Visitor: 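Shown below is the structure under consideration.
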Amino acid sequence: MRRYSAFAVAREAARYHTGWERAWRSPEPKKKYDVIIVGAGGHGLATAFYLGKNHGITNVAVLEKGWLGGGNTGRNTTIIRSNYLQDPSAALYEKARSLYETMSQDLNYNVMFSPRGVIMLAQTEHEVRGYKRTAHANALQGVQTEFIGPERVKQLVPIINLEGPRYPVLGGLWQARAGTARHDAVAWGYARACSDMGMDIIQQCEVTGVRSEGGKVTGVDTTRGAIDCDKLGMVVAGNSGPLAEMAGFRLPIESVALQALVSEPIKPCMDVVVMANTVHGYMSQSDKGEMVIGGGTDGYNNYTQRGAFHHIEETVRALVETFPMVSRLKMLRQWGGIVDVTGDRSPIIGKTPLGNCFINAGWGTGGFKTIPGGGWATAELIAKGEPGPLAAEFGMERFIEGRFIDESVAAGVAH
Amino acid sequence: MLILECPCCGVTGEETEFHGGGEAHLKRFGPGSADTDFENYLFMRENPKGVHLERWRHVNGCGKWFHVARCTVTLEIFGSYSAQTLEPPQEIKDAISAKRPGWSWRDFS
């Protein structure tokens with residue numbers, strides 16, 4: 001792999017850009033791999049990358065039924081933060097956030113990580129207390145956050161209306177080192193690094209069955225033939241349920257549609273990310289100038305990758321109160337992704353009832369921010385067969401043991 | 001947007017008039033049950049890509065709960081029926097079979 005650098009840009013400019021290599025190979029699948037990862041989204045590719053980088057396992061295939069990064073990795077609002085209440089979540093999300101800081105250098109691929117800061121608005125007394133508690137918890141966990149008053153919120157976000165008619169802004173939870181990154185670049189960067197380590201990324205290869213023998217996984221059937229493997233990693237977000245069914249077990253997961261939309265590009269007006277969980281809306285401004293807006297989930301099981309229109313209306317209505325300028329914005333595009341939501345709104349990284357089959361799922365509305373951390377933890381799990389310290393608390397058995405990582409109350413609905 | 005019919009009051013309305021209540025026909029387990037039964041009842045879900053039987057409540061109407069048979073891929077509604085039953089009535093099963101031959105959901109087909 002030729003490294004990307006300023007010198008490479010100059011060299012290629014001098015020869016009319018004829019020398020750029022393909023970022024990753026598209027090989028035919030081999031008969032057998034040590035590890036097969038199903039799902040070439042952010043988490044799947046990150047898992048493959050850390051399998052190679054941290055554990056030296058490079059005979060790996062990443063299978064993708066569509067195109068690389070075309071699921072939720074390409075459909076989120078790119079927010080990265082780690083201000084979670086519970087210790088296991090804070091550790092995992094903070095690991096991910098810190099890996100984002102050096103990701104461009106690690107992958108030699110510009111993921112445009114922008115630690116611009118995230119404010120979660122407190123718009124009820126309940127939220128004020130909740131966020132103060134989170135700020136204290138974060139202080140103990142070593143995650144830098146602070147509770148700020150309305151004046152400081154206004155200073156950070158001049159376009160905000162503090163005196164909203166329904167929900168005035170009473171303060172906010174501010175994480176200065178949180179931010180955004182270019183979501184496609186994260187998937188592309190990992191894919192390029194994985195391909196460089198000799199891993200096969202096989203797109204348009206849908207898994208149609210999971211084969212097992214004596215309670216252990218032996219391979220998968222795909223639309224491009226059967227492929228054997230020693231270990232299988234399922235990293236398919238919204239489609240975890242159907243894939244688990246192929247492997248013969250059920251999951252404590254329901255799949256719902258989550259929508260986002262972007263406005264026309266406008267001049268720079270907001271250089272932080274603002275989340276308003278009480279009214280279900282969050283907004284940031286992309287480098288192109290579009291306002292990137294995310295809302296709530298539809299309240300029913302759904303695999304359509306689009307959402308109901310009235311949810312957009314609710315989101316925009318809430319944002320118009322908090323940001324009056326939104327009322328004059330034209331919206332360009334709207335889309336939906338299928339998110340897999342667990343009972344306690346925390347992810348599942350762990351073993352499954354099928355031997356040598358591991359799962360990374362249940363990220364719900366907050367998968368993008370954890371891509372490097374989730375990949376790191378899942379790679380450790382697959383390599384060693386047992387979860388490491390990051391993933392230890394996130395096994396599926398927590399539901400039967402009653403050991404929930406209850407973030408549904410702690411972090412609000414929007415992630 | 002989904003158009004649902006409430007079998008309790010007979011009103012047909014769009015989605016905002018109703019509220020989804022998740023999977024239908026869950027068997028409840030109380031104190032003294034086995035841990036796995038409790039886990040299945042509280043957390044494990046069918047989450048199918050296809051025919052789904054689910055609970056809805058007519059919140060901005062009569063306020064009653066009822067059941068709906070719906071496809072999670074096409075969002076097609078096969079029919080709604082009373083919640084006072086342990087399994088979908090035959091006409092609902094027939095309506096699903098007409099459009100999804102060979103369907104199954106838990107023990108129903």
Side-chain angles (χ1 to χ4, degrees), chain A residues 65 206 208 236-246 249-257 259 296-314 317 336 338-346 348 353 361-362 395-404 406 408, chain B residues 1-4 13-27 29 31 33-60 65-78 80 100 103-107:
Chain A
K65 74 169 174 179
E206 182 172 357
T208 53
V236 294
N239 282 300
S240 297
L243 189 60
E245 198 184 335
M246 289 177 204
F249 55 90
R250 290 208 301 169
L251 292 172
I253 281 178
E254 289 193 280
S255 297
V256 294
Q259 295 184 81
T297 52
D298 286 1
Y300 49 82
N301 292 44
N302 191 343
Y303 283 91
T304 57
Q305 292 193 322
R306 59 175 193 265
F309 189 73
H310 67 268
H311 283 288
I312 299 180
E313 192 186 348
E314 278 167 21
R317 189 169 58 208
I338 302 305
V339 298
D340 42 341
V341 180
T342 59
D344 61 359
R345 302 296 187 273
S346 286
I348 294 170
M396 231 193 306
E397 63 282 358
R398 72 175 187 267
F399 292 100
I400 199 164
E401 291 167 5
R403 201 169 35 72
F404 313 121
D406 193 356
S408 55
Chain B
M1 183 167 277
L2 307 177
I3 308 284
L4 302 174
E14 46 94 347
E15 201 178 316
T16 54
E17 205 168 305
F18 302 90
H19 192 267
E23 196 170 312
H25 304 295
L26 287 175
K27 187 164 190 282
F29 288 90
S33 312
D35 284 355
T36 46
D37 287 340
F38 223 65
E39 186 198 22
N40 280 329
Y41 158 49
L42 286 174
F43 299 108
M44 291 297 179
R45 293 293 177 261
E46 292 300 318
N47 196 24
K49 201 170 184 173
V51 176
H52 190 42
L53 306 181
E54 58 195 15
R55 287 156 25 100
W56 282 81
R57 185 170 173 243
H58 195 181
V59 277
N60 295 317
W65 285 97
F66 61 97
H67 288 171
V68 169
R70 183 176 63 90
C71 177
T72 60
V73 178
T74 61
L75 302 189
E76 210 171 344
I77 311 274
F78 301 111
S80 48
R100 299 283 185 282
W103 70 281
S104 71
W105 188 87
R106 262 200 243 147
D107 299 335

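The figures that follow rest on heavy atoms only: side chains count, while hydrogens, waters and symmetry mates do not. Below, chains carry the letters A, B, ... as their sequence lines are ordered, and counting in each starts from 1. Remember, it's a predicted structure, so these values are computed and weren't measured experimentally.
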Visitor: Between B:Glu15 and A:Tyr300, is the side-chain contact (heavy atoms from CB on, under 4.5 Å) condition met? List the steps.
Guide: CA-CA 11 Å; B:Glu15 201 178 316; A:Tyr300 49 82; 3.1 Å; yes
Visitor: Does any heavy atom of chain B fall under 4.5 Å from the side chain of A:Ile253, the backbone, both, or neither of them?
Guide: both
Visitor: Could you measure the distance from the OG1 atom of B:Thr16 to the CZ atom of A:Phe309? Nearest 0.5 Å is fine.
Guide: 12.5 Å
Visitor: Drop me the distance from B:Glu39's CD to A:Arg398's CZ, to the nearest 0.5 angstrom.
Guide: 11.0 Å
Visitor: Counting heavy-atom pairs under 4.5 Å with chain B, which one of A:Gly402, A:Ala244, A:Ala308, A:Ser255 comes out on top?
Guide: A:Ser255
Visitor: Does B:His25, at its NE2 atom, have more than 12 non-hydrogen atoms belonging to other residues, nucleotides or ligands within less than 6.0 Å?
Guide: yes
Visitor: With a 4.5 Å cut-off on side-chain heavy atoms, are A:Arg250 and B:Glu46 touching?
Guide: yes
Visitor: Identify which part of A:Asn239 has an atom lying under 4.5 Å from any heavy atom of chain B, answering side chain, backbone, both or neither.
Guide: side chain
Visitor: Might you point out which heavy atoms bring B:Met44 and A:Pro252 nearest each other, and give the distance in Å?
Guide: SD-N, 3.5 Å
Visitor: Once rounded to the nearest 0.5 Å, what's the spacing between atom OG1 of A:Thr342 and atom CZ of B:Phe43?
Guide: 9.0 Å
Visitor: Is B:Arg70 reaching over with its side chain to a backbone N or O of A:Asn301, donor-acceptor style, under 3.5 angstrom?
Guide: yes
Visitor: Check each atom of A:Phe249 against the heavy atoms of chain B and say whether the ones under 4.5 Å are side chain, backbone, both or neither.
Guide: neither
Visitor: Once you round to the nearest 0.5 Å, how far does CD of A:Glu245 lie from NZ of B:Lys49?
Guide: 11.0 Å
Visitor: Count the heavy atoms of every other residue, nucleotide or ligand shown that sit under 6.0 Å from CD of B:Glu23, and state whether that count exceeds 12.
Guide: yes
Visitor: Which heavy atom in B:Asn47 sits nearest to a heavy atom in A:Pro242, and how many Å separate them?
Guide: O-CD, 4.4 Å
Visitor: Once you round to the nearest 0.5 Å, how far does CD of A:Glu254 lie from NE2 of B:His52?
Guide: 6.0 Å
Visitor: Please report the closest heavy-atom contact between A:Thr304 and B:Leu75, naming both atoms and the distance.
Guide: CG2-CG, 3.6 Å
